[in-house]
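Everything on this sheet refers to the single structure shown next.
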Number of protein chains: 2
Amino acid sequence: MATINDVATKAGVSTATVSRALNGKSTVDPNLVSRVLDAAAELGYQPNGPARNLRRQETAVLALIISDVENPFFTSIARGVEDVAHAVGYSVVLCNSDENPDKERRYIDVAIQERVAGVVLSTTGASTNVDLLTDRGMPMVAVDRPLPDVAADNDTVLVDTRQAAKEATAHLITQGYHHVGCVTGPAGIRTADDRLAGYRDALRAARRKYSAKLVRRTEYRSDGAHQATVDLLSQDERPDALLVANSTMAIGVLAALTELGLKSGKDVGVVAFDDAPWAPLVNPPLSVVSQPAYEIGTVAAQLLLDRITDGTRVPTTTTLSATLIPRGSSTKH
Amino acid sequence: MATINDVATKAGVSTATVSRALNGKSTVDPNLVSRVLDAAAELGYQPNGPARNLRRQETAVLALIISDVENPFFTSIARGVEDVAHAVGYSVVLCNSDENPDKERRYIDVAIQERVAGVVLSTTGASTNVDLLTDRGMPMVAVDRPLPDVAADNDTVLVDTRQAAKEATAHLITQGYHHVGCVTGPAGIRTADDRLAGYRDALRAARRKYSAKLVRRTEYRSDGAHQATVDLLSQDERPDALLVANSTMAIGVLAALTELGLKSGKDVGVVAFDDAPWAPLVNPPLSVVSQPAYEIGTVAAQLLLDRITDGTRVPTTTTLSATLIPRGSSTKH
DNA sequence: ATGAAAGCGCTAACAC
DNA sequence: GTGTTAGCGCTTTCAT
């Protein structure tokens, strides 16, 4: 593969001149510039990234570590990050941690080793090595889920998911459901905990008693939620409505209801987090809590880029709000 | 950030020994090994990837260039690629070309510049620079869509989408629909063309006449399909069934039917490509052509890794088959 | 404005 | 088994 040396020889100039011409740095004689450009084109020259990065001690790539590429919420974040990054010449590498602390750890190592310019991280929260990042002053921003307190003191972009969960639950209560239950993610995952907390807030505000029997916690996955729903509804004390913590889970919940011969809305009120594209299509249409995922991505990317250029700026926490979109699945008729 | 030099000094050995100890190459005295490991741990040493890659002239990262991160079909492919790659210590960077030739071109450049070990590409097909890849012998495999003939002669993993489209259309005809229409992607995108071809095959086999009035081609997006559906159904000669080319489009089609007060299955038979997780949930459940997306990914990754280790192996084309899953949306009652 | 040369951090010959 | 050293391809002083 052609190197800068080949180009220099072909153009009859020094490598320094080639470098300058190609990067538009300092001033180079226009004649030489075009000679260099021609030579480069003829040789099909493509700069060697690793060499350049090694020398410059910097890269124009951001790492985005998320927990599930198959979840539309995270892919929307990804798009937001990408759009902002690309606009200023950065590339984004997407790393899928699969809600698995080991994979997350591994990707953090990769990010450090590849000396990426910064990372956007949605942490699983459990015993990871985020401190590796913070310790060496790697620019980074946490999204969707804050870092464990130890690390703290970094830019963060969150959604006020607790408040949203409270509103969604209150909505179900207002709609006349008497025993609202909750299907949320594993303990320790911040969003899962917050949604549960918001759910409890609403019960308290409405003077309903909280019962652990109406709550299930499982992986943020369809099948876990499916099982949990069957389980919840086969008890004596069964819920007549459910707050569901994300759209992947909602699929499992709705499938379970259908199997059990129950109609969402009429028999069991349902509100789920995340406005998946299919939510309006099911029958009845699914009521959702819509999170500004794309915006999370754009804001995070912007913060990250800012921090890369100015490492001293004081860390901020941005909290975006979610909106309840009531549809048929939260009305009895 | 600590370098190999710091570790060497701290451990009282040469950098070569550190390198050997850390990489498990050749044999190093066990005592020295542990001294090195301790020193490295104490310093929080993380190897410098670019430096290593520059020296080794190789990287353990694969690039996966797909056209839509938000499409479950592609994210399943991504998972397949990832799982195989990770098992052997490779990282995967996901690049979203957004069905945009410019972005695709740009990502191909990035892949070359970063000297990735290989690339898995689902090309938009239009005037791209894939030849840059093939010209310099970059290991690569095309998925979902073959490369333009010029480039050719590389590993390819496809789905027999034409055959599947034919079967799906035949199924609709068998179910008693008389005027089957088709909503597919833009001309030039191979999968879109093939699905249309399969549709025509089926019409021919059933001795139905083909009418351009029953066909619409739009972006592989929900809103395009929405518009197309409204358009198709507001003609005099209107279809009573539709073959839809992917699940993103299916969302638009189903939304349009609902708006028009039409019931899928009963009023308009529908079969869509890709078994999205929500497909069984809509009412009636959506009949689909299920493509083995995850398997496309695993096969492609395996082929790519093979080729990386043995550049001389003769290129193969693997064609996987899709399966029709009939559900309620393709029955009149 | 241009060239010579040093050096980023690492690995792999090559010596010993 | 270990150390010395050259050099991967590039950018960037430092001269001129």
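Lettering follows sequence order; numbering is per chain, from 1.
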For this session: For D306(A), enumerate each residue passing the salt bridge (charged side-chain N to carboxylate O under 4.0 Å, His left out) test, keeping only those at least two apart in sequence or located in another chain.
Result: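 D306(A) satisfies salt bridge (charged side-chain N to carboxylate O under 4.0 Å, His left out) with no other residue.
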
For this session: Under the salt bridge (charged side-chain N to carboxylate O under 4.0 Å, His left out) rule, collect the residues that match up with D144(A), sequence neighbours excluded.
Result: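 D144(A): no salt bridge (charged side-chain N to carboxylate O under 4.0 Å, His left out) contacts found.
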
For this session: Report the residues that fulfil ring-ring contact (aromatic ring centres under 6.0 Å, His included) with F74(A), sequence neighbours left out, ordered by chain and then residue number.
Result: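 If we apply the ring-ring contact (aromatic ring centres under 6.0 Å, His included) test to F74(A), skipping adjacent residues, there are no hits.
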
Problem set entry | Bend angle of the helix from dA1(C)-dT16(D) to dC16(C)-dG1(D), end axes from five pairs each (to 10°) |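 If I round to tens, the end axes sit 40° apart.
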
Any salt bridge (charged side-chain N to carboxylate O under 4.0 Å, His left out) pairs touching [range], not counting sequence neighbours?
range	value
residues 19-35 of chain A	none
residues 64-82 of chain A	D68(A)-R79(B), E70(A)-R79(B), R79(A)-D68(B), R79(A)-E70(B), R79(A)-D98(B)
residues 292-303 of chain B	none
residues 37-52 of chain A	K10(A)-E42(A)

For this session: Output all residues satisfying side chain to side chain contact (heavy atoms under 4.5 Å, CB included) with D310(A), sequence neighbours left out; order by chain, then residue number.
Result: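 For D310(A), the residues satisfying side chain to side chain contact (heavy atoms under 4.5 Å, CB included) (neighbours in sequence not counted) are T312(A), R313(A).
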
For this session: Heavy atoms under 4.0 Å is the rule here; annotate nucleotides 9-16 of chain C 5' to 3' with B where the base is hit, S where only the sugar-phosphate is, and - elsewhere.
Result: BBBBB---

Problem set entry | Heavy-atom pair with the smallest gap, counting every atom of V69(A) and T75(B) |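 Looking at all heavy atoms of both residues, the shortest contact is O-CG2, 3.4 Å.
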
Exercise. Between S14(A) and dA4(C), is there a side-chain N or O to OP1/OP2 distance below 4.0 Å?
Worked result: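 Checking S14(A) against dA4(C): no side-chain N or O falls below 4.0 Å of OP1 or OP2.
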
For this session: Only pairs at least two apart or in different chains count here, so list each side-chain hydrogen bond (donor to acceptor under 3.5 Å, both in side chains) that has a residue in residues 113-122 of chain B.
Result: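 Pairs touching residues 113-122 of chain B that pass the test: Q46(A)-Q113(B).
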
For this session: Identify the 5'-most and 3'-most nucleotides of DNA chain D with at least one atom closer than 4.0 Å to a non-hydrogen atom of chain B.
Result: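 The contacted stretch runs from dG1(D) to dG9(D).
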
